**Q** 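This is the structure I have questions about; it appears just below.
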Amino acid sequence: VSQAQKEVTHNEALVLIDALIQLTVESTQSMPPEVNDTDIGRCWLVGAAPSGLWVNKVGHIAIWTGGSWRFSAPQNGMRLWDRSIGRQSHYNAGQWITGPSISSPAGGAVIDVEARDALAAILQFMKSIGMCAT
């Protein structure tokens, strides 16, 4: 109420909405990438030991808004798509977790063992993201 320049707060909220709904990151990096106006709205996941403008932002989502970076702190249950690896990650208990790469069972004599291992890996991942009870 009575806030001067309400449009600034509103516009900032729209920037975050645009970036975080259907969240997609370009990659995980510890240093800010070289960006220009064509990168406005793109996001990166801040990796371990960040430097430069990303110092102290480990695990945050870095959003390029054209001229500056905005950061969003992750919350339990957040999900993102990482374009560089073509896989989804989710945030839980202070870390981003990427689903395992599960091999298809192959071969003949040990197919039951391989199939059981593949199913166990799928089930474990589904439990870790909350799709199945633990």
Side-chain angles (χ1 to χ4, degrees):
V1 178
S2 304
Q3 177 184 357
Q5 298 181 332
K6 292 181 179 106
E7 69 277 3
V8 172
T9 304
H10 177 76
N11 290 343
E12 185 68 20
L14 291 177
V15 166
L16 292 175
I17 287 170
D18 284 345
L20 299 177
I21 291 179
Q22 300 297 325
L23 178 59
T24 299
V25 298
E26 301 302 315
S27 64
T28 300
Q29 293 188 202
S30 294
M31 292 178 51
E34 293 292 325
V35 289
N36 57 44
D37 287 345
T38 62
D39 295 313
I40 293 173
R42 291 189 178 173
C43 302
W44 284 263
L45 180 59
V46 180
S51 61
L53 297 172
W54 290 5
V55 153
N56 298 323
K57 300 292 184 185
V58 173
H60 284 62
I61 305 302
I63 307 156
W64 178 245
T65 61
S68 66
W69 291 99
R70 300 290 189 275
F71 297 94
S72 178
Q75 305 295 318
N76 281 338
M78 268 181 106
R79 296 178 190 280
L80 63 78
W81 180 261
D82 187 327
R83 287 184 186 186
S84 67
I85 60 173
R87 292 171 60 199
Q88 179 177 299
S89 297
H90 70 282
Y91 190 80
N92 189 28
Q95 64 182 342
W96 285 100
I97 301 166
T98 301
S101 180
I102 301 169
S103 302
S104 296
V110 293
I111 193 74
D112 284 342
V113 172
E114 291 175 351
R116 289 175 199 267
D117 288 346
L119 289 171
I122 292 168
L123 183 58
Q124 180 59 37
F125 179 67
M126 291 175 69
K127 288 178 180 178
S128 78
I129 64 171
M131 288 183 68
C132 295
T134 56

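Values in this document were obtained by computation on a predicted structure and should not be read as measured data. The figures that follow rest on heavy atoms only: side chains count, while hydrogens, waters and symmetry mates do not.
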**Q** Name all residues meeting the side-chain hydrogen bond (donor to acceptor under 3.5 Å, both in side chains) criterion together with Ser68; count only those two or more places apart in sequence or in a different chain, and write none if there are none.
**A** Thr65, Arg70
**Q** Between Ile97 and Leu123, is there shared hydrophobic-cluster membership here, with clusters defined by ILVMFWY side-chain heavy atoms closer than 4.5 Å?
**A**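 Ile97 and Leu123: separate clusters.
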**Q** In terms of hydrophobic clustering (I, L, V, M, F, W, Y; side-chain heavy atoms under 4.5 Å; direct or indirect links), are Leu45 and Leu20 co-clustered?
**A**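 Cluster IDs for Leu45 and Leu20 match.
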**Q** Considering all heavy atoms of both residues, which atom of Asp82 and which atom of Glu26 are nearest to each other, and what is their separation?
**A** OD1-O, 3.7 Å
**Q** In Å, rounded to the nearest 0.5 Å, how long is the span from CG of Asn92 to CE of Met78?
**A** 13.5 Å
**Q** Could you see if Ile63 belongs to whatever hydrophobic cluster contains Val55? Use Ile, Leu, Val, Met, Phe, Trp, Tyr and a side-chain cutoff under 4.5 Å.
**A**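 No, no single cluster joins them.
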**Q** Determine whether Ile61 and Leu23 make a side-chain contact, defined as any pair of heavy atoms from C-beta on separated by less than 4.5 Å.
**A**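 They are in contact (side-chain heavy atoms under 4.5 Å apart), so the answer is yes.
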**Q** What I'd like to find out is whether the side chain of Trp96 reaches to under 4.5 Å of the side chain of Leu80, using heavy atoms alone.
**A**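 They are in side-chain contact.
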**Q** Taking all non-hydrogen atoms of both residues into account, name the closest pair between Ser30 and Ala49 and its distance.
**A** CB-O, 3.8 Å
**Q** To the nearest 0.5 Å, tell me how far Gln124 CD sits from Leu119 CG.
**A**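 The CG atom of Leu119 is 13.5 Å from CD of Gln124, to the nearest 0.5 Å.
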**Q** Connecting only ILVMFWY residues whose side-chain heavy atoms lie within less than 4.5 Å of each other, what is the rest of Val58's hydrophobic cluster?
**A**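 Besides Val58, the hydrophobic cluster comprises nothing; the residue is isolated.
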**Q** I need the minimum non-hydrogen distance between Gln29 and Met31, along with the two atoms involved.
**A** NE2-O, 3.1 Å
**Q** Mark yes when over 12 heavy atoms from residues, nucleotides or ligands other than Asn76 sit less than 6.0 Å from its CG; otherwise mark no.
**A**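 Buried by this count: over 12 neighbours within 6.0 Å.
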**Q** Quick check for you: to the nearest 0.5 Å, what is the distance between Phe71 atom CZ and Lys57 atom NZ?
**A**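 Those atoms lie 6.0 Å apart.
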**Q** Got a sec, which residues hit ring pair (Phe, Tyr, Trp, His ring centres under 6.0 Å) with Trp69, two or more places apart in sequence or on another chain?
**A** Trp44, Trp54, Trp64
**Q** So, Thr98 side chain and Ser89 main chain: donor-acceptor pair closer than 3.5 Å or not?
**A** no
**Q** Output the distance between atom CD (Gln95) and atom NE2 (His90), rounded to the nearest 0.5 Å.
**A**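 So the CD of Gln95 and the NE2 of His90 are separated by 8.5 Å.
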**Q** Are Val46 and Val35 joined in one hydrophobic group, where the rule is that I, L, V, M, F, W and Y side chains link up if heavy atoms are under 4.5 Å apart?
**A**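 In one cluster with Val46: Val35, yes.
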**Q** Just checking Asn36: does its CG atom have more than 12 heavy atoms from other residues, nucleotides or ligands closer to it than 6.0 angstrom?
**A** yes
